[in-house]
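See structure below.
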Protein chains: 2
Amino acid sequence: MKEGPDIAHVAALLGDPARANMLTALMSGRALTATELAQEAGVTPQTASSHLAKLEAGLIVTPRKQGRHRYFTLSGPDIVEALEVLMGIANRVGHNRVRTGPKDPELRHARVCYDHLAGDMGVALFDGLTKRKLIISDLNGVVLTSAGISFATEFGIDLDGLRSKRRPLCRECLDWSARQSHLAGSFGAALLDRFYDLGWASRVRESRIVRFSRDGEKKFRDLVTF
Amino acid sequence: MKEGPDIAHVAALLGDPARANMLTALMSGRALTATELAQEAGVTPQTASSHLAKLEAGLIVTPRKQGRHRYFTLSGPDIVEALEVLMGIANRVGHNRVRTGPKDPELRHARVCYDHLAGDMGVALFDGLTKRKLIISDLNGVVLTSAGISFATEFGIDLDGLRSKRRPLCRECLDWSARQSHLAGSFGAALLDRFYDLGWASRVRESRIVRFSRDGEKKFRDLVTF
DNA sequence: TTCATCCTTCGATAATAATCGAAATGTCAT
DNA sequence: ATGACATTTCGATTATTATCGAAGGATGAA
């Protein structure tokens, strides 16, 4: 009837509260089981199953069978991007729900949000980079300053490589627990990777928690203080 | 009940076929009246009015009153971005509708799609840049090559300025009429601006048509042929 | 003023889909 | 095998909402 790609179908898949909650949970990058997703969405396993079938048929999520569980992940980086953009709009428009984030104190402190650092330390990173004038965030988004560019290079991040991706370099991402911004986008992800490589932090198995070593946390503090 | 920005609400607004059609029509960048949008969506004016009220309340579109008409535009570049990403997903997933594009031959030839060049000439531009190896498009998106970067600079485009925007530099956009890709993103928009500045082309008042001068079209052909 | 046009509001209808209880299937552990 | 758990299927209910006809307001033209 109408022209071009069918936006409505895809958007409708993201447009149901239960499904949106599941997808947001999958932004952590972890593969989650059907029941875990049901809990995240606050619906019974039956309903979740129905939703997941739709998301799977629409190629929004990808299932992976393992034993008696089915693990789901987002089907690609474009889905992450779409969710990030929608979060940005929802945020600009002022439509956010009220709930405090995860209760686990370690989760509140430092965790991964898909592939970048979130939690208190994520917020601290964002604020620190801003105070040091390495990034600037305004209405249009987040930008690396020239000081920020040289900082990134010195810190061992291949900016040109990042730029060649479709994904935007910097993006603001609202923190679930802290209710403040942390840094998303390919640069945010690269920073976290670098923290891993430098041995400052490591990811706790089977969880979203990022655990900093004593030494790593110290160096991190130096990084984000002026 | 749940955490963070309310993705579902925004996505649901984009997730209705009638609304999606209206928004896609608005991607041309032109301000359209309520009745025009009703026609685009294939619904009666009453239904369109109801949809537009919702989109307006959700700050997806911005109304502007003029005489007895109400003109609507997309409320910001983030909306364009969201629509572009969703089109990309829908395209990847293989969900597209069947309809040929606009019937006006001049529209098929060269028109604006929000702020970049579309139609046959838009496709020719995309193909030409690809053949000249100034851009490369793969699964991850579209990237400027180093040859493309120097070309852009010589052509008078401030790439650093563009990079400082939230919007991605290059993006593929499926052409409604030609069913092939043309170049979107801030670089695509900058190219069209440059065509205007150089006097190669100008926009026809009150329409989406881009009219190239005889000389401009010739130079354009030189640009896109190897 | 009077008329035509653009748009909205109201009310009713119909279609869609989210939800869950109950039961079935499949997988692992013992 | 038997039991426990994860997931799906089925069926029925309920809530939501897209849709349009009819009528009302608002604006500009004559």
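Residue numbers start from 1 in every chain, and the chains themselves are labelled A, B, ... in the order their sequence lines are given, proteins ahead of strands. Keep in mind the model is a prediction, meaning the values are calculated, not measured.
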- Item | d(CD, B:Gln39; C1', C:dC6) in whole Å | 12 Å

- Query: Among D:dA6, C:dT8, C:dC6, which is the nearest nucleotide to the side chain of A:Arg68?
  - Reply: D:dA6

- Query: Going by atom types only, do B:Thr47 and B:Ser50 share a side-chain donor-acceptor pair under 3.5 Å?
  - Reply: no

- Between A:Gln66 and B:Arg70, which has a closest nucleotide on DNA chain C that is more 5'? B:Arg70

- Item | B/S/- contact track for nucleotides 13-25 of chain C, protein heavy atom under 4.0 Å | -----SBSBB---

- Message: Using OP1 and OP2 only, check whether a side-chain N or O of A:Lys65 sits under 4.0 Å from C:dT27.
- Response: yes

- Query: Roughly how many Å is it from CG in B:Leu55 to P in D:dA18, rounded to a whole number?
  - Reply: 10 Å

- Just how far, in rounded Å, is P of D:dA6 from CZ of A:Arg64? 18 Å

- Task: Count the heavy atoms of every other residue, nucleotide or ligand shown that sit under 6.0 Å from CZ of B:Arg203, and state whether that count exceeds 12.
- Result: yes

- Message: Can you measure A:Phe72 atom CZ to D:dA6 atom C1' for me and round it to whole angstrom units?
- Response: 11 Å

- Mind checking ring pair (Phe, Tyr, Trp, His ring centres under 6.0 Å) for B:Phe195 and listing every partner two or more places apart, or none if nothing turns up? B:Trp200, B:Phe220

- Task: Using whole Å, report how far OH of B:Tyr71 lies from P of C:dT5.
- Result: 16 Å

- Message: Could you work out, with ring pair (Phe, Tyr, Trp, His ring centres under 6.0 Å) as the rule, every residue matching A:His116, not counting sequence neighbours?
- Response: A:His182

- Message: Salt bridge or not between B:Arg92 and A:Glu81? Use side-chain N to carboxylate O under 4.0 Å.
- Response: no

- Message: How many whole angstroms separate atom CD of A:Glu56 from atom P of D:dT8?
- Response: 8 Å

- Item | B:His69 NE2 - D:dG28 P separation (whole Å) | 10 Å

